[in-house]
Amino acid sequence: MPRSIEFREAIREAMCEEMRRDARVFLLGEEVAQYQGAYKVSRGMLKEFGPRRVIDAPISENGFSGLGIGAAMYGLRPIIEFMSWSFSLVAADQILNNAPKMLYMSGGQFPIPIVFRGNGGAGGQLGSTHSWCVESMYANVPGLKMAIPFDAYDAKGLLKTAIRDDNPVFVLESERLLSVKGEVPEGDYLVPFGEAAIRRQGTDCTIVSFGRPLYFCLEAAESLAAEGIECEVIDGRTVRPLDIETISRSVARTNYCVVVDESWPFASIGAELAAQIHVLNFDDLDNHVVRVQADDVPAPYAYNLEQEMLPNARKICEAVRAVTYAA
Amino acid sequence: MAIELTMPRLSDTMEQGTIIKWNIKEGDTVSAGDAVADIETDKATMEMQVFDDGVVGKILVPEGTTVEVGTVIAVIAEPDEDLTEVAATIEARGGTTPTTVAPEPTPEPIQESLEASGVKPPVAPAFDRVRISPVARRLAAEHGIDLATLQGSGPRGRIVKRDVLRALEATRETAAAIPPSAKALASVPQVPFEGVLAGAPVLQDRVTPLSGIRQTIARRLVEATATIPHYQVTVTFNMDPLLGLRGTLNEQLADQGVKLSVNDFLVRGCALAILQHPEFNASWEADHIRIHGNVNIGLAISLPPERGGGLVVGTLRNADRKSLRTISQESRQLAEKARTRGLTIDEMADSTFVLSNLGMYGVDRFTAIINPPNSAILAVGAAIQKPVVRNGELTIGHEMAATASLDHRLIDGAMAAEFLQTLKELIEHPAMLLV
């Protein structure tokens, strides 16, 4: 019996199911307990699991991230919620310098089975400092995994996989998607890491993206279909590990590729994808890979400017026409 | 714009040319088609024509001088052009020293937008070559379409996939338009006719693109047959002693993993024979002969179809200083590596004498083409059981024919005969190969 729930409820279901399944799992973050979550993701969890497993932290990301890493070294499986990934920057030393390297530095003695999750991405008129798309910068670090769910189904399935993973996993949820409903099965299921999903099939051009920009890709694909260009839209699902095989197979068929990445272009996931595709698909390409990324500027506050700075359907359409020489 | 006259490539193999005579002098007016110079190539002395009208501005390479193909040898000013401009052109190129000059890259901004990715379009040089996307190049090669016939519709005239597909479509339409009688010949192999068994393999017309290795083989062997005066000398060996010794050794050394082949004995035999006949380990270098100090026996190794077929020559270095056991091991490793992972340049370089063995195919005898810059190659057939005369009696024995191909510039017939005699002595008294 299919049922439709919100993206935020899917996240909550994943956490609750895993906490019922494994007593070592707990949730720690700002306003996750008494206030039921800044975005009501953890509504009802304090009541079910009590204050020892759903813990309010002071505004001190570096402190509670480090606390979580310590707990993980002692054998617990923490979920650390960042109200926004923009706030995780002050915890960079813990989440980038300690968590992903500890297993290596301890000679394999200390795995860090921790999940850092929260809202990522821009588009909410939150200004330059609160509109971070951290994926490119963070994905640069070896030792961590990164999942960016596209819909409620993946939000639950990827988060459950993340909680059961023995490595630090960064789960980037989009604030703009929290209220979007989708069909989510009740009970246990996992979405494996490193397996991309083809969100739309097409023969003429491959579009690759992660998370929220995929909606712009699908919107662009619809309007391009009316022009006779059938795009294949691929959701990478996890940045690390990256399912480059699925992407490469698609490009081998279409001969064209547009990469859509919400973060800045320089040294980005978009740049990495383009580089890998150029290597794997050199003889298949009829044009170089074209990237649609956020503009190389701090996020503006003004709504119209911010929409223009980010990837959007219009820019994706233009990129697809350009790459397929249809412009 | 001044026109640069370069040393033309007047033959396929021409690498450099000598200016025998200039028919012009500075200040002369020339018209397209004028024979301005006599050029000596590797083959003949030929006229060099000019393709533009103008005034001879500067002669850069004097008579009697040899320069590489592509070197600027003179500069012509266009009819309405000032000779001082010509001087400026030469000046800009760094004086009058004749050098090989690549086509001047003209800076040209990249038209396509990198702006989508937030990167400022860099200024890239334009190259004087076919602009074509990788997949278009691949498609054109697969369908045997000549790139010169294609018109690029992409940015800056880039040939893209749709251009190739259009050309392919046009070819098919043309083919469809040919009257049936004209097509009859082409269609024959595709129409099974009565009498052919159902399911029997049918050949079809197709074009196979040249692999890199196939191109190299073609180039080198054409060069070898064109430049080396080949001749062949054949000798037949009594193989019974060697086969007997080989059997004994292989039996006794089986538990050490030693399995000597006839070829291993031949490698050793050739290496030892070469020590006595160093001209077989030499290269012809135009005005002198180079005798090599190391005996590096090259082994012709055929590659399996899944590696693209063809053949390579693997090098067994200092074979004269190696035991049969080592030769056997290294040969096997070379052949296996060539057929699985491929050999490195180093593993294929510096052979001084090549052995090509088709014995395993049961071939009686054959001739081989010399692998430049070697002076000889030995083509070996199978050891075949046959009626033979030994000590004045007809009996059954094993014989094997080997045919040496030789470069007559270095090696005369009698020298070849002497070398083969030495080799025959060694092969027929194989115990000498053990010490």
Side-chain angles (χ1 to χ4, degrees), chain A residues 136 203-205 229 251-275 277-298 309-312 314-327, chain B residues 108-127 129-145 147 149-169 207-215 307-308:
Chain A
S136 289
T203 50
D204 301 334
C205 180
I229 304 174
V251 177
R253 280 187 285 109
T254 63
N255 308 124
Y256 303 101
C257 185
V258 169
V259 174
V260 182
D261 173 7
E262 221 179 2
S263 50
W264 290 308
F266 198 95
S268 61
I269 291 169
E272 176 63 25
L273 282 168
I277 293 163
H278 283 141
V279 171
L280 293 172
N281 293 97
F282 185 78
D283 290 316
D284 303 317
L285 290 170
D286 200 33
N287 204 340
H288 62 81
V289 175
V290 171
R291 295 188 280 151
V292 179
Q293 307 229 226
D295 290 346
D296 198 20
V297 293
M309 176 253 189
L310 293 169
N312 55 45
R314 194 203 78 242
K315 288 188 188 178
I316 297 166
C317 284
E318 287 168 0
V320 170
R321 287 188 209 108
V323 78
T324 58
Y325 305 108
Chain B
E108 181 183 309
I110 285 185
Q111 300 295 321
E112 298 129 281
S113 176
L114 285 169
E115 280 157 17
S117 39
V119 179
K120 287 243 162 38
V123 175
F127 298 101
R129 59 169 174 81
V130 177
R131 289 197 179 85
I132 182 166
S133 81
V135 74
R137 186 179 288 279
R138 200 187 70 194
L139 281 173
E142 279 171 10
H143 294 98
I145 295 174
L147 298 184
T149 65
L150 295 174
Q151 198 76 36
S153 69
R156 290 176 297 152
R158 183 192 302 162
I159 298 167
V160 298
K161 187 170 77 170
R162 65 172 170 228
D163 302 322
V164 180
L165 295 180
R166 275 175 199 154
L168 203 56
E169 197 58 36
V207 169
T208 308
L210 295 180
S211 64
I213 189 169
R214 183 50 58 194
Q215 287 179 30
R307 283 199 64 80

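Excluded from the calculations below are hydrogen atoms, water molecules and symmetry mates; all remaining heavy atoms, backbone and side chain alike, are included.
- A side chain to side chain contact (heavy atoms under 4.5 Å, CB included) with A:D286 is found for exactly one of B:V160, B:D163, B:V164, B:I159, namely B:V160.
- Between the CG atom in A:N287 and the OG atom in B:S133 there is a gap of 7.5 Å [rounded to 0.5 Å].
- Across all non-hydrogen atoms, the minimal contact from B:V135 to A:D284 is CB-O, 3.2 Å.
- Pairing each heavy atom of B:R162 with each of A:Y325, the nearest pair is NH1-O, 2.9 Å.
- Looking at B:R137 and A:D283, no side-chain N of the basic residue comes within less than 4.0 Å of a carboxylate O on the acidic one, giving no salt bridge.
- Rounded to the nearest 0.5 Å, atoms NZ (B:K161) and CG (A:N255) are 3.5 Å apart.
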